[in-house]
Amino acid sequence: MSGIKLRGTGHCAPERIMTNTDMTKIVDTNEEWILSRTGIETRHHVTGERHLDLCVGAAKMALEHAGISPDQIGACVVATLTPDDLVPSAACALQRELGLPGDIPCFDLNAACTGFLFALHTMECLLAASPRKFGLVLGCDVLSRIINWSDRSTCILFGDGAGAAVVEWNESFETIHAQLGCQGDDQILHVGGVGHDRTSVLSMDGQKVFKFAVEAVPRCIDQVLTASDRSIDDVDFFVFHQANARIIDLAVRKYHIPPEKYYKNISEYGNTSAASIPIVLSELYQLGKIGPGSRVLCVGFGGGLTWGGALMEFA
Ligand code: UT7
């Protein structure tokens with residue numbers, strides 16, 4: 001047996017808050033439609049802040065909560081699809097800013113909104129082979145940079161933010177039972193890049209993603225519970241990717257999850273992509289809803305298509 005546990009969490013969001021009323025001044029929409037169809041009331045968008053500034057804010061908070069100094073970190077993985085630069089990676093920039101050791105792997109990983117769970121699983125593997133037993137995992141996205149402001153069904157959804165976790169690897173810890181998957185599809189959710197079309201604008205068939213998510217979320221929960229030989233009642237808290245309040249509500253209803261065992265912050269943040277799950281973890285920790293000994297089941301899904309679930313404990 002060996003695995004990772006969460007030691008500290010942190011999050012950071014840009015100062016500027018965009019309300020639904022602000023959205024009505026940009027596109028043909030209304031407050032009632034946005035709130036009832038998505039659960040979103042506000043989202044944070046960068047003005048002067050860089051992606052790196054959000055990463056630094058979240059990472060420092062997580063290190064402080066964990067009581068770990070940068071020189072104890074054995075690897076740094078940033079899940080993102082919107083770094084400031086392709087090279088250096090966001091993780092390399094963070095290594096420089098935080099003064100992380102120079103002899104550790106630091107790199108970015110893109111699994112869209114599921115990225116944080118892919119990064120956690122990657123970190124578990126990296127730390128098993130590292131002499132340093134603490135790792136820094138981030139999810140950070142600045143989706144306001146790639147919003148298509150002429151598409152009213154997607155531009156109202158996304159916010160910017162970063163979430164971070166310091167994890168500890170130990171031979172006696174249980175694995176996080178990560179269950180991850182992909183199905184390559186460039187029609188349902190697409191962001192161009194430095195390839196053939198060179199247009200970094202987000203396009204999404206919302207209804208198709210919705211249908212995919214409603215099927216993927218319970219599948220991930222079931223897979224993680226089977227892999228870990230646990231039941232719904234063994235889970236202290238459920239953390240869902242915050243893409244649409246209705247997707248969370250459907251999962252909660254299916255499993256009869258009581259209100260004290262799940263959390264929604266989509267009304268404040270909107271969909272922050274890879275940052276969504278770690279921001280929830282950090283807020284829950286701050287609120288005292290989860291802490292040492294808590295067992296948390298996280299579920300994510302997003303572009304790629306990608307999906308995943310993982311069961312993690314706080315040390
Ligand atoms: O993290 C990545 C994963 N992404 C997601 O999980 C997104 C999942 N999908 C969704 O959350 C929803 O599909 C959306 C919120 C994107 C859209 O909600 P919907 O209920 O699927 O709406 P729709 O696209 O079917 O559109 C319904 C109606 C249409 O009008 P008609 O044709 O019925 O007259 C749209 O034109 O709502 C209209 N509409 C809007 N009206 C006011 C679409 N966007 C807006 C808007 N304001 N912003």
Side-chain angles (χ1 to χ4, degrees), residues 18-44 79-82 110-119 139-163 180-191 201-220 239-252 264-267 269-280 298-309:
M18 300 280 284
T19 64
N20 288 347
T21 310
D22 293 331
M23 291 292 150
T24 65
K25 293 171 190 154
I26 302 172
V27 282
D28 176 19
T29 187
N30 59 79
E31 291 92 336
E32 199 278 329
W33 190 96
I34 301 175
L35 186 59
S36 64
R37 306 302 284 180
T38 70
I40 299 168
E41 290 181 81
T42 62
R43 68 289 283 147
H44 298 252
T80 186
L81 62 101
T82 51
N110 173 4
C113 302
T114 327
F116 183 74
L117 299 180
F118 278 60
C140 179
D141 269 314
V142 183
L143 288 189
S144 65
R145 284 179 180 160
I146 56 166
I147 282 173
N148 176 357
W149 286 107
S150 60
D151 177 5
R152 66 175 180 166
S153 71
T154 58
C155 71
I156 47 97
L157 298 173
F158 299 106
D160 305 333
L180 308 171
C182 309
Q183 178 200 316
D185 182 301
D186 61 0
Q187 301 299 311
I188 296 178
L189 210 167
H190 182 258
V191 182
V201 174
L202 188 150
S203 65
M204 178 175 76
D205 183 330
Q207 283 194 359
K208 284 199 176 140
V209 178
F210 196 98
K211 278 189 196 133
F212 149 68
V214 165
E215 179 272 325
V217 169
R219 180 161 42 81
C220 290
V239 171
F240 298 99
H241 169 45
Q242 309 279 310
N244 187 316
R246 290 188 288 142
I247 295 172
I248 299 173
D249 293 342
L250 285 168
V252 161
K264 284 188 278 192
N265 63 9
I266 187 167
S267 63
Y269 292 98
N271 181 345
T272 56
S273 185
S276 141
I277 288 175
I279 291 177
V280 171
C298 298
V299 187
F301 56 88
L305 300 169
T306 56
W307 59 86

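Counting starts at 1 for both ligands and their atoms, following the listed order.
If you look at M23 next to ligand 1, there are no close heavy atoms at all, none under 4.0 Å. At a heavy-atom cutoff of 4.0 Å, ligand 1 is contacted by the side chain of I247 but not by its backbone. Counting heavy atoms closer than 4.0 Å to ligand 1, residue T29 contributes atoms from both its backbone and its side chain. When heavy-atom distances to ligand 1 are checked against a 4.0 Å cut-off, S153 comes that close through both its backbone and its side chain.
Scanning the protein heavy atoms around atom 11 (O) of ligand 1, the nearest turns out to be N244 ND2, 2.7 Å. Protein heavy atom closest to atom 26 (O) of ligand 1, with residue, atom name and distance, is W33 CZ2, 4.4 Å. With respect to atom 9 (N) of ligand 1, the closest heavy atom belonging to the protein is G206 O, 3.0 Å. Counting only heavy atoms of the protein, atom 5 (C) of ligand 1 lies nearest to V209 CG1, 3.4 Å. The nearest protein atom to atom 20 (O) of ligand 1, hydrogens excluded, is given as R37 NH2, 2.6 Å; this is a heavy-atom distance. Protein heavy atom at the shortest distance from atom 35 (C) of ligand 1 is R152 NH2, 3.9 Å. What sits closest to atom 23 (P) of ligand 1 on the protein, heavy atoms only, is Q207 NE2, 3.8 Å. For atom 1 (O) of ligand 1, the nearest non-hydrogen atom of the protein is N271 ND2, 2.6 Å.
The ligand atoms of ligand 1 that sit less than 4.0 angstrom from a heavy atom of C113 are 1 (O), 2 (C). Which parts of ligand 1 touch A243 is read off a 4.0 Å heavy-atom cut-off, strictly below it: atoms 1 (O), 5 (C), 6 (O). Shown in contact with H241 at under 4.0 Å from a heavy atom are these atoms of ligand 1, numbered in order with element: 1 (O).
Distance check on atom 29 (C) of ligand 1: every protein heavy atom falls at or beyond the 4.0 Å cut-off. There is no protein heavy atom closer than 4.0 angstrom to atom 32 (O) of ligand 1. Counting only heavy atoms, the protein never gets under 4.0 Å from atom 14 (C) of ligand 1.
Going from atom CG of L157 over to atom CD1 of I147 covers 8.5 Å, rounded to the nearest 0.5 Å. Here the straight-line distance linking atom CD1 of I40 with atom CG of L35 works out to 9.5 Å at 0.5 Å rounding. Atom CE of M204 is separated from atom CG of N148 by 11.5 Å, given to the nearest 0.5 angstrom. Within the model, atoms OG1 of T154 and CG of L189 stand 9.0 Å from one another, a figure rounded to the nearest 0.5 Å.
Under 4.0 Å is where a charged nitrogen must lie from a carboxylate oxygen, and between R145 and D160 no such pair does.
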Exercise for the section: Mind running side chain to side chain contact (heavy atoms under 4.5 Å, CB included) on H241 and N271 for me, showing each step along the way? Expected result: CA-CA 8 Å; H241 169 45; N271 181 345; 3.1 Å; yes
Handout entry: Pair Q242-I279, side chain to side chain contact (heavy atoms under 4.5 Å, CB included): steps then yes or no
Key = CA-CA 10 Å; Q242 309 279 310; I279 291 177; over 6 Å; no
Exercise for the section: Apply the test side chain to side chain contact (heavy atoms under 4.5 Å, CB included) to residues F210 and L250: give CA-CA distance (whole Å), side-chain angles for both, the deciding distance (0.1 Å), then the verdict. Expected result: CA-CA 11 Å; F210 196 98; L250 285 168; 4.2 Å; yes
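In this structure, L81 and A112 approach most closely via the heavy-atom pair CD2-CA, 3.6 Å.
A side chain to side chain donor-acceptor pair (under 3.5 Å) with R43 is found for one member of T19, N20, T272 and no other, namely N20.
Assignment of T38 to the shell around ligand 1 is supported, since a heavy atom sits closer than 4.0 Å.
A side-chain donor from one of T21 and E31 sits under 3.5 Å from a side-chain acceptor of the other.
Side-chain N or O atoms of S267 include none that pairs as donor or acceptor with a backbone N or O of E41 at under 3.5 Å.
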